[in-house]
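To keep things clear, I will list the structure first and then write my remarks on it.
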Amino acid sequence: MRIVVCVKQVPGSSEAKIDPETKRIVREGVKAVMNPFDAYALEEAVRIKERLGGEVIALTMGPPRADIALREAISVGADSGILLSDRAFGGSDTWATSYALSKAVRKIGGVDLVICGKQAIDGDTAQVGPGMAAHLGWAQATYVMAIPEVGEKEFLAKRMHEDGWDLCRIRFPAVLTVVKDINRPRVPTLKGRLAAQKVEIPTWTAQDVGAEADKIGLEGSPTRVVKAEPPAARNKATL
Ligand SMILES: Cc1cc2nc3c(=O)[nH]c(=O)nc-3n(C[C@H](O)[C@H](O)[C@H](O)COP(=O)(O)OP(=O)(O)OC[C@H]3O[C@@H](n4cnc5c(N)ncnc54)[C@H](O)[C@@H]3O)c2cc1C
């Protein structure tokens, strides 16, 4: 079983600002952390590997410092990490991001399952997982709260709804997005953290994954951000 887990580095503070000119989040100078939902995706992938064997590959698209998120993934059980990083990816919207990530999955090859978090806490669209499934032409299940059964050719996914759940039988290869009810992520050990620092992380460019220039970056993105504002700050709670 070869599982790719998509992890995104997000601002670790609610003080991230939006650039009024570019309408993008200003990430420079803001502490970055792994998107919290991606920790659940990773944990589920590692549990499947522990049950059935195989390998878990963490994949991120971001600036060079996004390798920190991959090392974090390795410290809790991923076998390796791949950083998709190239100036040509800058300004990519969710369509272009999921296209680039799906090209990396194709390059990795032999992938049975891609697991993403439900959504990123900065962009918040929840579009990248389903976007990858569309680009890859694979089955997808979103808001997965449990994987009760995994066979050689198919698996069962329990999907959360506002008013209940459903159970889907899905054939590999597939893309899942998971909610935090699915498990309780393990905490990395000191040994795991130290070992992750030594792992070599390959960086793949747009050319390496065969991403077409007109499908990535700002120009390759069908979305145009007209206006973006941070939410109004809430008053501090008083007792
Ligand atoms: C016009 C436009 C320009 C933009 N320019 C930039 C830019 O220059 N720089 C920038 O950082 N953002 C930019 N963005 C934002 C960027 O498109 C989104 O952050 C990105 O597509 C992910 O969407 P999301 O944050 O809503 O993730 P969601 O769809 O909510 O994420 C769901 C899951 O998908 C996976 N995932 C999402 N993004 C990644 C990733 N990068 N790597 C690995 N896994 C991932 C994770 O598992 C995550 O839990 C731009 C957006 C637009 C519309």
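Just so you know, ligand 1 is whichever comes first in the structure, and atom 1 is the first atom listed for that ligand. Counting begins at 1 with the first residue of the sequence. The model shown is predicted, which means the values in this text are computed figures rather than measured ones.
- The minimum heavy-atom distance between A78 and V46, with the atom names listed, is N-CG2, 4.2 Å.
- By the ring pair (Phe, Tyr, Trp, His ring centres under 6.0 Å) test, Y99 pairs with W95, H135, sequence neighbours left out.
- Between G81 and I74, the closest heavy-atom pair is N-CD1, 3.8 Å.
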Ligand 1: which protein N/O atoms lie under 3.5 Å from its N/O atoms?
| unit_1 | atom_1 | unit_2 | atom_2 | d |
| --- | --- | --- | --- | --- |
| ligand 1 | 8 (O) | R24 | NH1 | 3.2 |
| ligand 1 | 8 (O) | G91 | N | 2.8 |
| ligand 1 | 11 (O) | R27 | NE | 3.2 |
| ligand 1 | 11 (O) | R27 | NH2 | 3.4 |
| ligand 1 | 14 (N) | S92 | O | 3.4 |
| ligand 1 | 17 (O) | S92 | O | 2.7 |
| ligand 1 | 19 (O) | K8 | NZ | 2.6 |
| ligand 1 | 21 (O) | T97 | OG1 | 3.0 |
| ligand 1 | 25 (O) | K8 | NZ | 2.6 |
| ligand 1 | 25 (O) | G123 | N | 3.4 |
| ligand 1 | 26 (O) | D124 | N | 3.3 |
| ligand 1 | 26 (O) | T125 | N | 2.9 |
| ligand 1 | 26 (O) | T125 | OG1 | 2.6 |
| ligand 1 | 29 (O) | T125 | OG1 | 3.2 |
| ligand 1 | 29 (O) | A126 | N | 3.3 |
| ligand 1 | 29 (O) | Q127 | N | 2.9 |
| ligand 1 | 29 (O) | V128 | N | 2.8 |
| ligand 1 | 30 (O) | A120 | N | 2.7 |
| ligand 1 | 30 (O) | T125 | N | 3.3 |
| ligand 1 | 30 (O) | A126 | N | 2.8 |
| ligand 1 | 31 (O) | A120 | N | 3.3 |
| ligand 1 | 41 (N) | M61 | O | 2.9 |
| ligand 1 | 42 (N) | M61 | N | 3.0 |
| ligand 1 | 47 (O) | C6 | O | 2.7 |
| ligand 1 | 47 (O) | D38 | OD1 | 3.2 |
| ligand 1 | 47 (O) | G117 | N | 3.0 |
| ligand 1 | 49 (O) | N35 | ND2 | 3.0 |
| ligand 1 | 49 (O) | D38 | OD1 | 2.5 |
| ligand 1 | 49 (O) | G117 | N | 3.3 |

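- For the residue pair M132 and V175, the shortest heavy atom distance occurs at C-CG2, 4.5 Å.
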Show every donor-acceptor pair shorter than 3.5 Å between a side-chain atom in residues 58-68 and any protein atom, with sequence neighbours excluded, or say none if there are none.
| unit_1 | atom_1 | unit_2 | atom_2 | d |
| --- | --- | --- | --- | --- |
| T60 | OG1 | V7 | O | 2.6 |
| R65 | NH1 | V30 | O | 3.4 |
| R65 | NH2 | R27 | O | 3.1 |
| D67 | OD2 | R71 | NE | 3.1 |

Listed pairs under 3.5 Å, donor-acceptor, residues 110-119 side chains, sequence neighbours left out:
| unit_1 | atom_1 | unit_2 | atom_2 | d |
| --- | --- | --- | --- | --- |
| D112 | OD2 | R2 | N | 2.7 |
| Q119 | NE2 | D124 | OD1 | 2.5 |

